[in-house]
Colleague: 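Quick one: the structure is below, questions incoming.
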Amino acid sequence: MPRGSAVGRCHRTEIAVTEDEGRPVRFTWNGRVYGVRRIIDHWVTLRTDWSPESSAQVPERRHWRVEAGAADARGVYELRHDTPTGRWFLSRVRG
C-alpha cells in the first residue's frame with residue numbers, strides 16, 4: 001500500500017458527542033468514551049439534494065477527522081455533524 005494512503009472501515013452510526021465551541025472534545029461509541037486528543041482536519045459539505053426552494057436553512061455537514069482514544073483503544077476517527085438535525089455520526093475508523 002502506498003505511503004500516506006488511508007484505509008478505514010466505514011460506519012454510519014449515530015454517536016453522542018460533547019462539544020466545546022462547536023468542536024468535538026469526546027464521543028461515545030459502542031458504550032466507550034473516546035477523548036479527542038487532536039483535531040487533524042475539518043471541512044464542510046452541503047447535502048447534494050438541497051435547494052433554496054426546499055429549505056431556507058442550508059443543510060451543512062461538518063466533518064471532523066480526529067485522533068481519539070479510550071482507555072484501551074486509540075485511533076483516527078471521522079465524525080460528521082448534520083447541522084439541521086444536530087445529530088452526530090461516526091463515518092469512518094482508520095487503523
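Because only heavy atoms are used, hydrogens play no part in the values below, and waters and symmetry mates are left out as well, while side chains stay in. Start at 1 with the first residue, then count along the sequence.
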Colleague: Tell me whether Asp82 is salt-bridged to Arg61, with the criterion being a basic N under 4.0 Å from an acidic carboxylate O.
Modeller: yes

Colleague: If you apply the rule side chain to side chain contact (heavy atoms under 4.5 Å, CB included), what do you find for Phe27 with Leu79, and how did you get there?
Modeller: CA-CA 9 Å; Phe27 62 94; Leu79 313 178; 3.9 Å; yes

Colleague: Under the salt bridge (charged side-chain N to carboxylate O under 4.0 Å, His left out) rule, collect the residues that match up with Asp41, sequence neighbours excluded.
Modeller: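 By the salt bridge (charged side-chain N to carboxylate O under 4.0 Å, His left out) rule, Asp41 matches Arg65.
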
Colleague: Any pair with a residue in residues 17-28 that passes salt bridge (Lys or Arg N to Asp or Glu O under 4.0 Å), sequence neighbours left out, goes on the list, sorted by first then second residue, please.
Modeller: none

Colleague: With the 4.5 Å side-chain cut-off for hydrophobic clustering, are Val93 and Ile39 part of the same group?
Modeller: yes

Colleague: Any side-chain heavy atom of Val76 sitting closer than 4.5 Å to one from Val66?
Modeller: no

Colleague: List the steps and the verdict of side chain to side chain contact (heavy atoms under 4.5 Å, CB included) for Glu78 and Arg94.
Modeller: CA-CA 8 Å; Glu78 287 186 16; Arg94 296 175 189 253; 2.5 Å; yes

Colleague: Would you please classify the geometry between the Trp29 ring and the Tyr34 ring as parallel, tilted or perpendicular, with 30° and 60° separating the classes?
Modeller: tilted

Colleague: With rounding to the nearest 0.5 Å, note down the distance linking CD1 in Ile15 to CG in Asn30.
Modeller: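 One finds 10.5 Å between CD1 of Ile15 and CG of Asn30.
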
Colleague: For Glu60, is there an ion pair with Arg62 - N to carboxylate O distance below 4.0 angstrom?
Modeller: yes

Colleague: Starting at CH2 of Trp88, measure out to CZ of Arg80 and round the result to the nearest 0.5 Å.
Modeller: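 Separation between the atoms: 11.0 Å.
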
Colleague: Under 30°, 30 to 60°, or over 60°: which ring-plane class applies to His63 and Trp43, parallel, tilted or perpendicular?
Modeller: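 Parallel: the ring planes of His63 and Trp43 meet at under 30°.
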
